[in-house]
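Here you go, one structure.
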Protein chains: 2
Amino acid sequence: MKENMRDILIQTMFESLYHEGYNASNLIDLLKKAGTSKGGMYHYFGSKKELALESMRIVGEGFIDHFWGGCFARHDDPIRALDEILKALPNATIIGECPFDFKHGCPLNHMIQEMSALDEDFKILLESIMDRWIALIAENLKKGQNIGVWGKSFEPTRMAQFIVSSIEGTLTLMKVKQDIRIYEENTELLLQTLKVLTQKG
Amino acid sequence: MKENMRDILIQTMFESLYHEGYNASNLIDLLKKAGTSKGGMYHYFGSKKELALESMRIVGEGFIDHFWGGCFARHDDPIRALDEILKALPNATIIGECPFDFKHGCPLNHMIQEMSALDEDFKILLESIMDRWIALIAENLKKGQNIGVWGKSFEPTRMAQFIVSSIEGTLTLMKVKQDIRIYEENTELLLQTLKVLTQKG
DNA sequence: CAAAAAACAGACCAATAAGTCTGTTTGCTG
DNA sequence: CAGCAAACAGACTTATTGGTCTGTTTTTTG
């Protein structure tokens, strides 16, 4: 059951992007961590950028589909799913051995800030990941409306954008303040808000 | 009325940090834009990092004190002030000739993502700027409670953190999607939320 | 088992960029 | 106006880093 070097490179690059960012991460260190060499990497990927893009795509889509999508799928009631997601996030594993942690915040946010205005390919990819995330939440908000746990007065996509924004902003604050109470207080306020904004009638 | 080169360097560095980030910005280009040379810059600052830190400090504190603080000071009612701030932000000038723009989002968020886990000096500075921002809002929320436009059931600092998070997250979304409607919809939801969470009685 | 292709190792190259150092200009002061 | 210090110009140094290229090992396949 030998792991494929291409996958190892993708995971290792993700960790570098998450912890150091794109410009500050260097290939030699990355290759050392991955246990390979220049030749090994350039055999699979045409450039640092190509590996980084593929890495963000695989990990980003995977985390949304499996962690978020999985939580939604395990609950009939999307309210409980959202609550569980926010409680589970601080201890979540993003990919392989790489845990989510408050010191480094949200990798998607990090890449958006660092790269989206600098490189069009990154921008396009990051936007598509963000769209996938928002679409998944909106979809489940709609489901909540259909099964009657939420009212119909709100627009699911708008509400999903609001939720995502609130989470991203909270994680930014966490990254610089590293106080878990802020996360708990903010998510509590968010859930409280949702109950009001989405109430029936 | 000749402008001081030290100030020009601070403004030019801020633009570079805002538009390219710390690692991707290079000194030669920056010096060309500022109209000076290596000798000119190293006369005032010991390193690129020193200039960047000073730049973020001056501009960050200035924007919070003047733009945010100014808006709060012009209104007795902090509800109206917050509303005006959110409406004015898309056309605000951050410093000198550098306008706020959705393509580049929030410079504070950008620096937090790129630098706070990478360099302790950046982290300390960025946290202090964030604290100043939150404290200013909390202060004015408290004022709103005291003059009776808001109820007393909420904790000003927690609410300020929630507001800041929501704005930061919204600007992250703007940076990658660049659709002003999202900003308008999100800020509308935020204000709506505040009215509910801060209501009297 | 032999040949070919995939996978990998690592020396080398070229570009970039921060920082240094020497020398020149500008402006203030006694 | 002389002298001195602040302000600035720019060539040079040094370190880093992404990418290339040649050669070796491993695996697959006919």
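Just so it is clear, the model here is predicted, and its values are computed rather than measured. These numbers come from the heavy atoms of this one structure, side chains and all, not from hydrogens, waters or symmetry mates. Below, read A as the first sequence line, B as the second, and so on, with proteins coming before strands; counting in each chain starts at 1.
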For this session: Among C:dC8, D:dG19, C:dG19, find the nucleotide with the atom closest to the side chain of A:M5.
Result: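 Output: C:dC8.
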
Exercise. Taking CG from B:L51 and C1' from C:dA18, how many angstroms apart are they, rounded to a whole number?
Worked result: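 Distance check: B:L51 CG to C:dA18 C1' gives 13 Å.
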
Exercise. Do you see a donor-acceptor pair shorter than 3.5 Å between the side chains of B:Q161 and A:N186?
Worked result: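 Checked: B:Q161/A:N186 side chains show no N/O donor-acceptor pair below 3.5 Å.
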
For this session: Nearest whole angstrom, please: distance from the P of D:dG18 to the CZ of A:F45.
Result: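 Nearest whole value for this atom pair: 16 Å.
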
Exercise. Would you find a donor on one side and an acceptor on the other, under 3.5 Å apart, between the side chain of A:Y18 and the backbone of A:G105?
Worked result: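 Side chain of A:Y18 to backbone of A:G105, a donor-acceptor pair under 3.5 Å: yes, one is there.
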
Exercise. Has the side chain of B:Q192 got a donor or acceptor atom that lies under 3.5 Å from a matching backbone atom of A:L197?
Worked result: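 Checking the backbone N and O of A:L197 against the side chain of B:Q192, no donor-acceptor pair under 3.5 Å is found.
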
What pairs of donor and acceptor atoms, side-chain ones from residues 34-42 of chain B against any protein atom, are under 3.5 angstrom apart with sequence neighbours left out?
none

Exercise. Given A:K123 and A:E127, is the salt bridge (Lys or Arg N to Asp or Glu O under 4.0 Å) satisfied, shown in steps?
Worked result: CA-CA 6 Å; A:K123 196 235 165 206; A:E127 186 178 356; 3.2 Å; yes

Exercise. For A:D101, what residues pass the salt bridge (charged side-chain N to carboxylate O under 4.0 Å, His left out) criterion, not counting sequence neighbours?
Worked result: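 Here no residue qualifies.
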
For this session: Starting from P on D:dA9, measure out to OH on B:Y44 and report it in whole angstrom.
Result: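 Going from OH in B:Y44 over to P in D:dA9 covers 10 Å.
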
For this session: Would you kindly give the CE-to-C1' distance between A:M41 and D:dG18, to the nearest whole Å?
Result: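 About 9 Å, once rounded to whole Å.
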
For this session: Name every residue in residues 13-37 of chain A that has at least one heavy atom under 4.0 Å from any atom of DNA chain C, in order of residue number, or write none if there are no such residues.
Result: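 Those residues are A:T36, A:S37.
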
For this session: Examine distances only and state if a side-chain atom of A:E114 and a backbone atom of B:N23 form a donor-acceptor pair shorter than 3.5 Å.
Result: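 No, because the side chain of A:E114 does not come within donor-acceptor range (under 3.5 Å) of the backbone of B:N23.
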
For this session: State which residues pass ring pair (Phe, Tyr, Trp, His ring centres under 6.0 Å) with A:F122; sequence neighbours excluded, sorted by chain then number.
Result: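 A:F122 satisfies ring pair (Phe, Tyr, Trp, His ring centres under 6.0 Å) with A:Y22 only.
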
Problem set entry | Five-pair end axes of the helix from C:dC1-D:dG30 to C:dG30-D:dC1, angle between them (10°) |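 Nearest ten degrees gives 10° for this helix.
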
For this session: Could you walk me through whether A:R74 and A:E84 pass salt bridge (Lys or Arg N to Asp or Glu O under 4.0 Å), step by step?
Result: CA-CA 10 Å; A:R74 276 194 301 281; A:E84 188 184 298; 3.6 Å; yes

Exercise. Between the side chain of B:S116 and the main-chain N/O of B:Q113, is any donor-acceptor distance below 3.5 Å?
Worked result: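 Judged by distance alone, no pair lies under 3.5 Å.
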
Exercise. Can you check the B:L9 CG to D:dA7 P distance for me, whole Å?
Worked result: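 So the CG-P distance, B:L9 to D:dA7, works out to 12 Å.
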
Problem set entry | A:H43 vs C:dC8: side-chain N/O to OP1/OP2 distance below 4.0 Å |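 No, A:H43 has no side-chain N/O under 4.0 Å of OP1/OP2 on C:dC8.
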
For this session: Quick one, give me the B/S/- string for nucleotides 20-25 of chain D, reading 5' to 3', where B means a protein heavy atom under 4.0 Å from the base and S means that only happens at the primed atoms, P, OP1 or OP2.
Result: B-----

For this session: Taking B:S128 for its side chain and B:L125 for its backbone only, find out whether a donor-acceptor pair lies under 3.5 Å.
Result: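 Pair found, side chain donor or acceptor close to backbone of B:L125.
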
